[in-house]
Protein chains: 2
Amino acid sequence: MSLPENAPASKRAIWHAAQRLFTENGFARTSVREIATEAAIDPALVIRHFGSKEQLFMETMDVDIGAAAFDGPIETLGERFIAFVLDADADIRGIYLALLRASDSTGIWTHLRAAHEEGFVRPFRTRIASSVGDPADPAPADSADADTRARLAAAVVGGLLYSLWVVRDEGLAHLERETLVRRYGALLQAAITG
Amino acid sequence: MSLPENAPASKRAIWHAAQRLFTENGFARTSVREIATEAAIDPALVIRHFGSKEQLFMETMDVDIGAAAFDGPIETLGERFIAFVLDADADIRGIYLALLRASDSTGIWTHLRAAHEEGFVRPFRTRIASSVGDPADPAPADSADADTRARLAAAVVGGLLYSLWVVRDEGLAHLERETLVRRYGALLQAAITG
DNA sequence: GTCTATAGTATGATAGAC
DNA sequence: GTCTATCATACTATAGAC
């Protein structure tokens, strides 16, 4: 997503191969040699183009939530956002897991933290703050409270991703989709509304 | 915690060294040699006593939540459980992070899943089911609903651990403890109560 | 820009003497 | 039970020819 258009063909091949392998097998289980084979180029080129394996990882593991997920009336944002996350599964899951499992490296942890902050906390906060005084909001928030609500909401969302993707709780995964959206959406809504 | 009393001294030394290093540095960043050095024994003994590094990891990374955390009136369990988790930080955090980050290996993932099921889901379900018909419970649950509530609650708890320990959201961590207990406790309570 | 060759280091696990 | 010695392998990264 963040690869320049005018990059040489070999660099782009590396980028795509890396993105696929990292999301599929994670950071530790993906070797530079494997990426090179997949991209049909020489292993030395991988380092030459990206500096290090970790650098390549961070350039390819960039996730974009998209502001559209936060649109619409705030009193039903909870359900809509859960539905959005479940739909986005295929796009986000691999990147999320790879970042999570490699988050002992401080470089990668910083990356994960930024993704959480910019992908969840900030948009939630913006959306919540913009609804201050909204008649639908039962407890108008000052700016500190908007921040707190946003972080609580982000944590709740993280909990669902954790249960579904890391732990793979089958009891949750096998719930009817509509039930999960409604019930977990209500919990998220409670965090948003305060 | 699960090491037999009558185990030889060298085996127990390995066990303690491994537990410390794994919780501190994780699975990947801890080598068999390092464990041996810390335990002041020969590296070969580590494998001889425990079969493999992964086996040793799973035997030392056993977490015990303890049933006491689920005692007391169910209508205030949310707050009490969040307070309990925050207090238990030092004991659980390292093990939780190590398990999480090594959860790509299927053996370790199975272990994490079992810990989640037995440490969170099952006790929540038992506690919720035993309160059916309780006048304090506004919506008495059948057994399927008790299971669903327990899994939603476990996910919400996981979200807090995720935000505090993996992402290290400072905005959450720097909230006054009592505020966090009250507000996140209310969210957990909503999951429990349904 | 691209490749060959390899340096340099670390790993988990084993065989076999004592 | 314990240790020495080592196998067999994997890895990232680099130096230098073309």
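Letters A, B, ... are given to chains in the order of the sequence lines, protein chains preceding strands, and every chain is numbered from 1. All values derive from a computational prediction rather than experimental measurement.
- Where the helix from dG1(C)-dC18(D) to dC18(C)-dG1(D) starts and where it ends, the local axes point in directions that differ by 10°; five pairs per end, rounded to 10°.
- Counting to the nearest Å, the P atom of dA10(D) and the CD atom of Glu34(A) are 12 Å from each other.
- Rounding to whole angstrom units, CG of residue Asn25(A) and C1' of dA10(D) are separated by 16 Å.
- In this structure, Glu79(A) contributes its side chain and Ala186(A) its backbone to no donor-acceptor pair below 3.5 Å.
- For the pair Lys53(A) and Phe22(A), the cation does not sit on the ring face, since its NZ or CZ is not both under 6.0 Å from the ring centre and inside 45° of the axis.
- Sorted by first and then second residue, the pairs that involve residues 100-121 of chain A and meet salt bridge (charged side-chain N to carboxylate O under 4.0 Å, His left out), not counting sequence neighbours, are Asp104(A)-Arg29(B), Arg113(A)-Glu170(B), Glu117(A)-Arg151(A).
- The salt bridge (Lys or Arg N to Asp or Glu O under 4.0 Å) search around Arg168(A) returns none, not counting sequence neighbours.
- Connection of Phe120(A) to Leu187(B) is established within a shared hydrophobic cluster, with ILVMFWY side chains joined at heavy-atom distances below 4.5 Å, either directly or through further cluster members.
- Under 4.0 Å is where a charged nitrogen must lie from a carboxylate oxygen, and between Arg80(A) and Asp87(A) no such pair does.
- Between Phe27(A) and Phe57(A), the ring center distance clears the sub-6.0 Å criterion.
- Residues in residues 31-51 of chain B take part in these salt bridge (charged side-chain N to carboxylate O under 4.0 Å, His left out) pairs, two or more places apart or across chains: Arg20(B)-Glu38(B).
- On the nucleic acid side, DNA chain C contacts chain B at distances under 4.0 Å to non-hydrogen atoms, with the end points of that region at dT11(C) to dT14(C).
- Once rounded to the nearest 0.5 Å, the distance linking CG of Leu172(B) with CG of Leu152(A) reads 5.5 Å.
- Contact between Ala115(A) and Val63(A) at its shortest, heavy atoms only, is CB-CG1, 4.1 Å.
- Of the residues in residues 35-49 of chain A, those with a non-hydrogen atom less than 4.0 angstrom from any atom of DNA chain D are Ala44(A), Ile47(A).
- The nearest whole Å value for the distance from the CZ atom in Phe50(A) to the P atom in dT14(D) is 16 Å.
- Nucleotide dC7(D) holds its C1' atom 11 Å from the CZ atom of Arg33(B), rounded to whole Å.
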